[in-house]
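On a predicted model such as this, the values are computed, not experimentally measured, just so you know.
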Amino acid sequence: GPHGQCTIAEIADMVRRMLNGPKLRYLDLNIYNQWIRPWVHPLMVLARPDVAKKGGVYLPYLQSNPTFDTTEAQAILSKAGIEPPPVKTYFERIVKFAVETDFGRSSKS
């Protein structure tokens with residue numbers, strides 16, 4: 001829910017830190033859509049058609065950083081004594097597992 005969520009920037013920064021990546025730089029969405037996407041998308045279709053086709057469904061989430069109403073889920077879970085933890089408390093564990101399993105391509109050692 002909103003009380004335990006992270007922004008896209010916070011999640012990206014956690015991944016960057018865990019993978020020792022460079023500092024993130026962000027690009028204005030209008031510049032991307034007008035100047036970069038027309039060149040990158042056709043190349044992506046050729047190189048990774050699966051990503052080009054399926055990846056687009058995630059763009060609205062990355063662009064708007066939505067918040068979802070979890071009122072009903074929280075009501076059900078609280079009756080069972082369950083309080084979902086904030087994303088920041090477990091997200092690194094997910095990334096670590098993804099890296100250890102080569103993002104699902106191998107079994108965990």
> Got a sec, which residues hit side-chain contact (heavy atoms from CB on, under 4.5 Å) with Thr71, two or more places apart in sequence or on another chain?
Asp69
> Go through the structure and list residues passing side-chain contact (heavy atoms from CB on, under 4.5 Å) with Thr70, not counting sequence neighbours.
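Scan of Thr70 (side-chain contact (heavy atoms from CB on, under 4.5 Å), adjacent residues dropped) gives Pro2, Gln74.
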> Any chance you could measure Leu24, atom CG, to Ile8, atom CD1, to the nearest 0.5 Å?
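Going from CG on Leu24 over to CD1 on Ile8, the span is 12.0 Å.
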> Could you name each residue pair satisfying salt bridge (charged side-chain N to carboxylate O under 4.0 Å, His left out) that touches residues 48-62, not counting sequence neighbours?
Arg48-Asp50
> Atom NE2 of His41 and atom CG of Leu46: how far apart are they, to the nearest 0.5 Å?
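Between atom NE2 of His41 and atom CG of Leu46 there are 10.5 Å.
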> For Glu83, enumerate each residue passing the side chain to side chain donor-acceptor pair (under 3.5 Å) test, keeping only those at least two apart in sequence or located in another chain.
His3
> Taking atom OH of Tyr58 as the centre, does the number of heavy atoms from other residues, nucleotides or ligands within less than 6.0 Å exceed 12?
no
> About how many Å separate CE of Met14 and CD1 of Ile11, when rounded to the nearest 0.5 Å?
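Going from the CD1 atom of Ile11 to the CE atom of Met14 covers 5.5 Å.
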> Return each pair, listed once, that meets salt bridge (charged side-chain N to carboxylate O under 4.0 Å, His left out) where at least one residue sits in residues 19-47; pairs must be two or more places apart or across chains.
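Passing the test, one end in residues 19-47: no pairs.
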> Report the residues that fulfil side-chain contact (heavy atoms from CB on, under 4.5 Å) with Pro22, sequence neighbours left out, ordered by chain and then residue number.
none
> Sequence neighbours excluded, which residues qualify as side chain to side chain donor-acceptor pair (under 3.5 Å) partners of Ser64?
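Once residues adjacent in sequence are excluded, Ser64 has no partner under the side chain to side chain donor-acceptor pair (under 3.5 Å) criterion.
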> Please enumerate all residues that pass side-chain contact (heavy atoms from CB on, under 4.5 Å) together with Ala9, with sequence neighbours excluded.
Thr7, Tyr26
> Locate the shortest heavy-atom distance separating Asn33 from Pro38; write the atom from each residue and the value.
O-CD, 3.4 Å
> Any chance you could pull the hydrophobic cluster mates of Met44, using side-chain heavy atoms under 4.5 angstrom and chaining through other members?
Val51
> Apply salt bridge (Lys or Arg N to Asp or Glu O under 4.0 Å) to Arg93 and list each qualifying residue two or more places apart in sequence or on a separate chain.
none
> Identify, with sequence neighbours excluded, every residue that meets side chain to side chain donor-acceptor pair (under 3.5 Å) alongside Lys88.
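Checked Lys88 against side chain to side chain donor-acceptor pair (under 3.5 Å); matches are Glu10.
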> Tell me, please, which residues at least two apart from Asp102 pass salt bridge (Lys or Arg N to Asp or Glu O under 4.0 Å).
Arg105
